[in-house]
Amino acid sequence: MDKDIKNALDEINDINPFATYLCDSTLSRVGGWVDTGSYVLNAIVSGSLFGGIPKGRVTMLAGESMTGKSLFVQKILAKAQQEGLTAVIFDTENAIDPEGAARLGLDIANVKYVPCISIEQTRNALFKFLTAVKEKKLEGKFIIAIDSLGNLQSELELARMGKDSTSSDMGTKARAMKSLMQTCTNLGAVTQTTILCTNHVYDDPSAMFPSIEKHMPGGKACVYLPSVTVQLARKPMKSDDGKTTDSDLAVGQKSYAGIIIRALTRKNRFIKQYLEGEMYLSFANGLDRYYGLLDLAVGFGIIVQAGATYALEDGTKLGYYKVWRKDTKLWEETIIPKIEARIKQEWVYSNNEEEEAPEEV
């Protein structure tokens with residue numbers, strides 16, 4: 001680089017002490033991934049079956065009620081604890097109980113629990129905390145969860161209730177939510193703090209045609225400011241006698257043994273967006289780590305389906321799915337490595353332009 005150009009660029013350092021060259025920047029790099037408990041969810045978020053949610057970034061999980069949002073949060077926090085991160089939970093729904101969290105693997109004695117009501121209260125608490133993290137040089141030491149954004153109210157709403165006002169909100173909540181998300185995005189990156197948010201979704205009643213993309217409380221900032229936004233949907237799953245899932249019906253349950261959770265990446269800064277995958281949440285056994293891999297394997301051509309039976313791409317017969325679906329050795333040594341390789345090839349952004357050959361004279 002030309003010396004004068006370099007000196008000119010270095011002047012920026014006096015204005016912004018975080019300025020550096022991209023090759024040296026820690027803020028531009030993801031410092032790792034936190035496992036979600038599902039191979040498929042890991043893959044569509046990070047581009048690897050062995051990834052998860054990005055460290056030092058904001059991830060949004062949005063879905064209707066009973067799509068496992070709080071469960072995913074607690075499982076991710078438990079995994080982060082195992083990797084040495086300290087967990088902080090901002091709870092707006094009283095949805096996280098100590099016993100349930102402990103069953104999911106959380107060390108509840110080392111989780112800072114913060115009940116909150118208003119958007120501004122949550123934003124200010126995060127600002128003070130993350131500023132202190134920066135001042136004390138504790139970057140990369142924490143993971144924060146906000147569960148959920150949809151239940152937070154603005155201070156103006158609370159003030160109006162105190163005055164018995166029936167005035168409607170004119171965008172105050174959306175502006176406050178945008179400020180909260182900006183604080184999470186900016187200070188989260190500077191302090192390398194992993195932030196996980198949950199939110200609700202709803203259909204737009206004014207839309208002429210239904211859309212696969214649902215609306216969220218708090219405005220568009222909840223979609224475009226996180227590094228990754230995952231939309232979740234569900235459908236009840238009947239017991240199928242072990243053909244695709246393992247689960248036990250509790251007394252009083254007649255048919256449904258769990259739910260299928262379908263995930264869609266509405267935004268992703270790391271790999272291609274609008275990727276879809278399925279997970280199975282058993283009411284008896286919890287989240288199935290492997291569920292959804294069959295669809296990926298068939299989609300990539302690693303496994304070939306012929307009616308009700310399957311075979312590997314080299315012609316090796318596997319038979320009915322229920323016969324080999326719990327063959328851990330087959331999955332871990334043969335199928336999963338091939339899926340991982342295809343994901344790396346097909347889901348990442350890359351420059352595929354080829355240099356044109358020079359014309360012959």
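Computed over heavy atoms, backbone and side chain alike; hydrogens, waters and symmetry mates excluded.
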Lys338/Glu313 ion pair, N-O < 4.0 Å:
yes

Could you work out, with ring-ring contact (aromatic ring centres under 6.0 Å, His included) as the rule, every residue matching His215, not counting sequence neighbours?
Tyr202

Calculate, to the nearest 0.5 Å, the distance between atoms CD and CD belonging to Glu155 and Gln121 respectively.
7.0 Å

Of all residues at least two apart in sequence or in a different chain, which pass the side chain to side chain donor-acceptor pair (under 3.5 Å) check with Asp288?
none

Looking only at side chains, do Thr67 and Arg234 share a donor and an acceptor under 3.5 Å apart?
no

Closest non-hydrogen contact found for Arg325 with Gly242 is NE-O, 3.1 Å

Step by step, would you call Ile339 with Leu49 a side chain to side chain contact (heavy atoms under 4.5 Å, CB included)?
CA-CA 8 Å; Ile339 295 176; Leu49 299 171; 3.9 Å; yes

Asn199 side chain to Ser148 side chain, donor-acceptor N/O pair below 3.5 angstrom:
no

With sequence neighbours left out, write down each residue that passes side chain to side chain donor-acceptor pair (under 3.5 Å) with Ser38, or none if nothing qualifies.
none

With a 3.5 Å cut-off and no angle check, do the side chains of Gln305 and Tyr321 form a donor-acceptor pair?
no

Kindly indicate, with the supporting measurements, whether the criterion salt bridge (Lys or Arg N to Asp or Glu O under 4.0 Å) is fulfilled by Glu83 and Lys55.
CA-CA 11 Å; Glu83 298 183 9; Lys55 290 183 178 179; 2.8 Å; yes

Checking Asp240 against Lys322 for the salt bridge (Lys or Arg N to Asp or Glu O under 4.0 Å) test, could you report, in this order, the C-alpha distance in whole Å, the side-chain angles of both residues, the deciding distance, and whether it holds?
CA-CA 10 Å; Asp240 62 2; Lys322 67 178 181 179; over 6 Å; no

Compute the centroid of each ring, for Tyr39 and then for Trp331, and state whether the two points are separated by less than 6.0 Å.
no

Scan residues 34-47 for pairs that pass salt bridge (Lys or Arg N to Asp or Glu O under 4.0 Å), counting only residues two or more places apart or in two chains.
Asp35-Arg289

May I have all residue pairs that pass side chain to side chain donor-acceptor pair (under 3.5 Å) and include part of residues 94-104, sequence neighbours excluded?
none

Counting only heavy atoms from other residues, nucleotides and ligands, does the tally under 6.0 Å from CD1 of Ile117 exceed 12?
no

Does any donor atom in the side chain of Thr172 or Glu157 lie under 3.5 Å from an acceptor atom in the other side chain?
no

Taking atom CD of Glu278 and atom OH of Tyr291, what is their separation to the nearest 0.5 Å?
5.0 Å

Rounded distance [0.5 Å steps], CG in Leu287 versus OH in Tyr280
11.0 Å

Taken in chain and number order and not counting sequence neighbours, the residues that satisfy side chain to side chain donor-acceptor pair (under 3.5 Å) with Thr193 are Thr191

Proximity of Phe50 and Trp33 rings by center, below 6.0 Å
no

